[in-house]
A.B. asks: 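Handing you this structure, nothing more for now.
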Amino acid sequence: MSNPHPNTILFARGTLARLTLWPALRLAVHASWGGPESAQKQRWLAGVLVDQFESFIVDGSPTTSTTPVPTPAPTPATNEPPPDDAYVEELLLQIMADEFEVGLEDESAGAVARDVVRLFESTRTGDDRFVKTLEEQAEKVKGKVPTYERGAGSGSDEDESGSSEGEWEDEEQIESDGESVPQLLNRAEPQTREEPQVDEDGFTMIKRKGCR
């Protein structure tokens, strides 16, 4: 089995870093919503994303230069275009639901998807600048756990590292909500029990299931 192309490794590094910056996923991993193997599932998710793009990363001379190297058009066996951000977003939402039992109401999955596609476009030419930017930010949030909100609504917290997106240079700005509060939907938790109703004689009234 041949070793992965250096550009594929670069893409994998950036993808793992971008997932680390995703508050919803960090929270799911920290709370073990995916079971005892939640951390492994995060790495597995990164691998799934890499697999979607690997065949489109054209072999070429390994490079560590920050200057993009022209690359010929990809020629995978199917001649299909690489995945777009809509496909990646749908994949992320599906895996979050299947593996962590989490539904997201916010648009964070779309932001992650757009960054993954941007990573592909840059790393396929050996450009490592965006990867390094993401890795630096991922290092800052290690050990920090974002809060979350349930139900409809929007809102965001300041970046836990104390910085804001406004400090980024335009060319290195990521399509993320920083440390925005994840909007979770249908997280599996015990349902709130209704208070029993007592009639005038002090007897507890019992409701039949299915009755209104």
Side-chain angles (χ1 to χ4, degrees), residues 11-54 82-120 134-135 137-161 165 174-196 207-212:
F11 176 64
R13 283 171 47 194
T15 300
L16 187 57
R18 184 60 184 88
L19 292 179
T20 300
L21 288 168
W22 191 10
L25 181 57
R26 292 215 322 276
L27 181 63
V29 170
H30 176 80
S32 296
W33 288 344
E37 297 181 349
S38 292
Q40 289 88 333
K41 287 183 177 182
Q42 178 175 341
R43 292 189 289 271
W44 169 78
L45 173 54
V48 170
L49 293 174
V50 172
D51 288 344
Q52 304 301 310
F53 290 90
E54 186 172 13
D84 58 14
D85 58 304
Y87 172 84
V88 176
E89 179 181 7
E90 183 178 351
L91 181 62
L92 290 171
L93 291 173
Q94 178 182 340
I95 290 177
M96 288 294 287
D98 293 347
E99 300 297 332
F100 295 98
E101 298 183 357
V102 170
L104 295 175
E105 279 194 323
D106 59 16
E107 299 179 355
S108 62
V112 174
R114 288 188 290 273
D115 279 340
V116 169
V117 172
R118 179 182 170 188
L119 271 168
F120 164 68
L134 293 172
E135 288 181 331
Q137 291 301 303
E139 188 66 26
K140 292 179 182 179
V141 301
K142 278 187 176 180
K144 297 181 180 180
V145 183
T147 58
Y148 72 97
E149 294 179 358
R150 186 181 292 104
S154 61
S156 62
D157 286 342
E158 284 190 2
D159 187 294
E160 290 170 349
S161 65
E165 284 191 355
I174 63 175
E175 272 252 21
S176 75
D177 47 6
E179 291 301 304
S180 57
V181 182
Q183 304 289 319
L184 305 186
L185 176 67
N186 295 334
R187 171 63 200 149
E189 288 185 358
Q191 296 182 351
T192 303
R193 296 179 58 184
E194 295 184 2
E195 293 294 331
K207 290 183 178 181
R208 294 179 56 189
K209 292 183 177 179
C211 297
R212 299 195 177 195

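None of the values given here were measured: they were computed from a predicted structure.
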A.B. asks: How long is the gap from CG on Leu45 to CD1 on Ile95, to the nearest 0.5 Å?
C.D. replies: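 That separation rounds to 4.5 Å.
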A.B. asks: Can you list everything that forms a side chain to side chain donor-acceptor pair (under 3.5 Å) with Glu37? Sequence neighbours excluded, please.
C.D. replies: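 If we apply the side chain to side chain donor-acceptor pair (under 3.5 Å) test to Glu37, skipping adjacent residues, there are no hits.
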A.B. asks: Can you name the closest pair of heavy atoms from Asp84 and Val117 and give their distance?
C.D. replies: C-CG2, 3.8 Å
A.B. asks: Can you give me the closest heavy-atom contact between Ala46 and Leu16, atom names plus distance?
C.D. replies: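 Reported closest heavy-atom pair: CB-CD1, 4.0 Å.
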A.B. asks: Hey, are the side chains of Ser38 and Phe100 touching, using non-hydrogen atoms and a 4.5 Å cut-off?
C.D. replies: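 Yes. Closest side-chain heavy atoms under 4.5 Å.
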A.B. asks: Among Val141, Leu104, Asp115, exactly one meets side-chain contact (heavy atoms from CB on, under 4.5 Å) together with Trp22. Which residue is that?
C.D. replies: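 Only one of Val141, Leu104, Asp115 forms a side-chain contact (heavy atoms from CB on, under 4.5 Å) with Trp22, namely Leu104.
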A.B. asks: Could you grab the distance from atom CG of Leu19 to atom NZ of Lys41, nearest 0.5 Å is fine?
C.D. replies: 15.0 Å
A.B. asks: Once rounded to the nearest 0.5 Å, what's the spacing between atom OG1 of Thr15 and atom CZ of Arg43?
C.D. replies: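 Answer rounded to 0.5 Å: 15.0 Å.
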A.B. asks: Can you name the residues that form a ring pair (Phe, Tyr, Trp, His ring centres under 6.0 Å) with Phe53, not counting sequence neighbours?
C.D. replies: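 Applying ring pair (Phe, Tyr, Trp, His ring centres under 6.0 Å) to Phe53 gives Phe11, Phe120.
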A.B. asks: Counting only N and O atoms by type, is there a donor-acceptor contact under 3.5 Å from the side chain of Arg26 to the main-chain atoms of Lys144?
C.D. replies: yes
A.B. asks: Do Leu25 and Leu92 touch side chain to side chain, with heavy atoms closer than 4.5 Å?
C.D. replies: no
A.B. asks: Would Leu27 and Val102 count as a side chain to side chain contact (heavy atoms under 4.5 Å, CB included) if you check the C-alpha gap in whole Å, the side-chain angles of each, and the deciding distance to 0.1 Å?
C.D. replies: CA-CA 10 Å; Leu27 181 63; Val102 170; over 6 Å; no
A.B. asks: Starting at CZ of Arg18, measure out to CG of Leu49 and round the result to the nearest 0.5 Å.
C.D. replies: 11.5 Å
A.B. asks: To the nearest 0.5 Å, what is the distance between CD (Glu107) and CD (Glu105)?
C.D. replies: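 Result: 11.5 Å between the selected atoms.
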A.B. asks: Find the distance between CD (Glu139) and CG (Leu21) and round it off to the nearest 0.5 Å.
C.D. replies: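 Glu139 atom CD to Leu21 atom CG measures 11.0 Å (nearest 0.5 Å).
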A.B. asks: Which pair of non-hydrogen atoms, one from Ala28 and one from Met96, has the smallest distance, and what is that distance?
C.D. replies: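 Scanning both residues, the minimum pair turns out to be CB-CE, 4.4 Å.
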A.B. asks: Check whether any side-chain heavy atom of Thr20 lies under 4.5 Å from a side-chain heavy atom of Gln42, and answer yes or no.
C.D. replies: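 Side chain of Thr20 against side chain of Gln42, heavy atoms only: contact under 4.5 Å found.
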